[in-house]
K.L.:
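Pasting in a structure now, in structure tokens, and then I'll have a few things to ask.
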Amino acid sequence: AQSVTQLDSQVPVFEEAPVELRCNYSSSVSVYLFWYVQYPNQGLQLLLKYLSGSTLVESINGFEAEFNKSQTSFHLRKPSVHISDTAEYFCAVSDRTGNTGKLIFGQGTTLQVKP
Amino acid sequence: DGGITQSPKYLFRKEGQNVTLSCEQNLNHDAMYWYRQDPGQGLRLIYYSQIVNDFQKGDIAEGYSVSREKKESFPLTVTSAQKNPTAFYLCASSIRGGTGNTEAFFGQGTRLTVV
């Protein structure tokens, strides 16, 4: 079984400041890792994913996440945030060895970017 | 445009009533999923289907039912047996459920409120 823990429920930050959203997971099997973003009253959009290869993955809008196997973490970072980054962010894992595509989600972190 | 359409966007249910949430996709995806979102709890899997005429229970299936008669459609019925149905419901699909690395695409969600 897998579980995902997002360590902060809310992260307030000023515009143009750096931010880190923390994600730790627990799993008895190897997993794929994902970050999704949700804007108010909308569905989820994939932000980035780690499948294999380089442990640092990047999104097109400046976010990056690093897979750390020893610490079972997949923290999300951005060096300079914008007001438009205000949203809820979900970390998720999927079983590599299974064949269902099911996602296990963390509780979510609300990023509040202030002017 | 290709995507997932959920309807209605808002739904109100009286105590004791069954209601059905619609989910349609034109992405030609084999796998479809229903998740429930509650504040501070992330998303939890209700049911999933990897192929037409087949579906499996997720982590919180009690009080819900689904059908998968067509590849593009995966309706969810919230029955009167669901004791706390007020939540935001999200439908998702992926190319196939055979591997965990396929990206899940989400609909815009249905907000169900019991009145």
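Chain naming here is simple, since letters A, B, ... match the order of the sequence lines and numbering starts at 1 in each. Excluded from the calculations below are hydrogen atoms, water molecules and symmetry mates; all remaining heavy atoms, backbone and side chain alike, are included.
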K.L.:
Could you verify whether a donor N or O on one side chain and an acceptor N or O on the other, from B:Thr20 and B:Thr77, lie under 3.5 Å apart?
P.N.:
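Yes, a side-chain donor-acceptor pair sits under 3.5 Å.
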
K.L.:
Mind checking whether B:Tyr48 and B:Tyr33 have parallel, tilted or perpendicular rings, split at 30° and 60°?
P.N.:
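Rings of B:Tyr48 and B:Tyr33: parallel, under 30°.
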
K.L.:
Check this for me: does any side-chain nitrogen of one of A:Asp8 and A:Arg22 sit under 4.0 Å from a carboxylate oxygen of the other?
P.N.:
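Salt bridge flag = yes for A:Arg22 with A:Asp8.
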
K.L.:
Is A:Tyr50 in contact with chain B via its backbone, its side chain, both, or neither, using a 4.5 Å heavy-atom distance?
P.N.:
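When you check distances to chain B, no heavy atom of A:Tyr50 falls under 4.5 Å.
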
K.L.:
Identify which part of B:Gln37 has an atom lying under 4.5 Å from any heavy atom of chain A, answering side chain, backbone, both or neither.
P.N.:
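B:Gln37 touches chain A through side-chain heavy atoms alone.
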
K.L.:
Let me know if B:Arg111 has heavy atoms under 4.5 Å from chain A in its side chain, its backbone, both or neither.
P.N.:
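Just the side chain, heavy atoms under 4.5 Å.
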
K.L.:
Look up atom CD in B:Glu24 and atom CD in B:Gln6, then write down how far apart they are to the nearest 0.5 Å.
P.N.:
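The CD atom of B:Gln6 is 11.0 Å from CD of B:Glu24, to the nearest 0.5 Å.
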
K.L.:
Of the backbone (N, CA, C, O) and the side chain (C-beta and beyond), which part of A:Gln45 lies under 4.5 Å from a heavy atom of chain B, both, or neither?
P.N.:
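Nothing of A:Gln45, per the 4.5 Å heavy-atom cut-off to chain B.
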
K.L.:
With a 4.5 angstrom heavy-atom cut-off, which part of B:Leu45 approaches chain A: side chain, backbone, both or neither?
P.N.:
side chain

K.L.:
With rounding to the nearest 0.5 Å, note down the distance linking CG in A:Asn68 to CG in A:Leu33.
P.N.:
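Between A:Asn68 CG and A:Leu33 CG, I get 11.0 Å after rounding to 0.5 Å.
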
K.L.:
Do the two ring centres, one from B:Tyr35 and one from A:Phe105, sit under 6.0 Å apart?
P.N.:
yes

K.L.:
At a heavy-atom separation under 4.5 Å, does A:Glu88 approach chain B through its side chain, its backbone, both, or neither?
P.N.:
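Looking at A:Glu88, just its side chain touches chain B.
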
K.L.:
Given a strict heavy-atom distance threshold of 4.5 Å, which part of B:Gln108 is in contact with chain A: side chain, backbone, both, or neither?
P.N.:
both

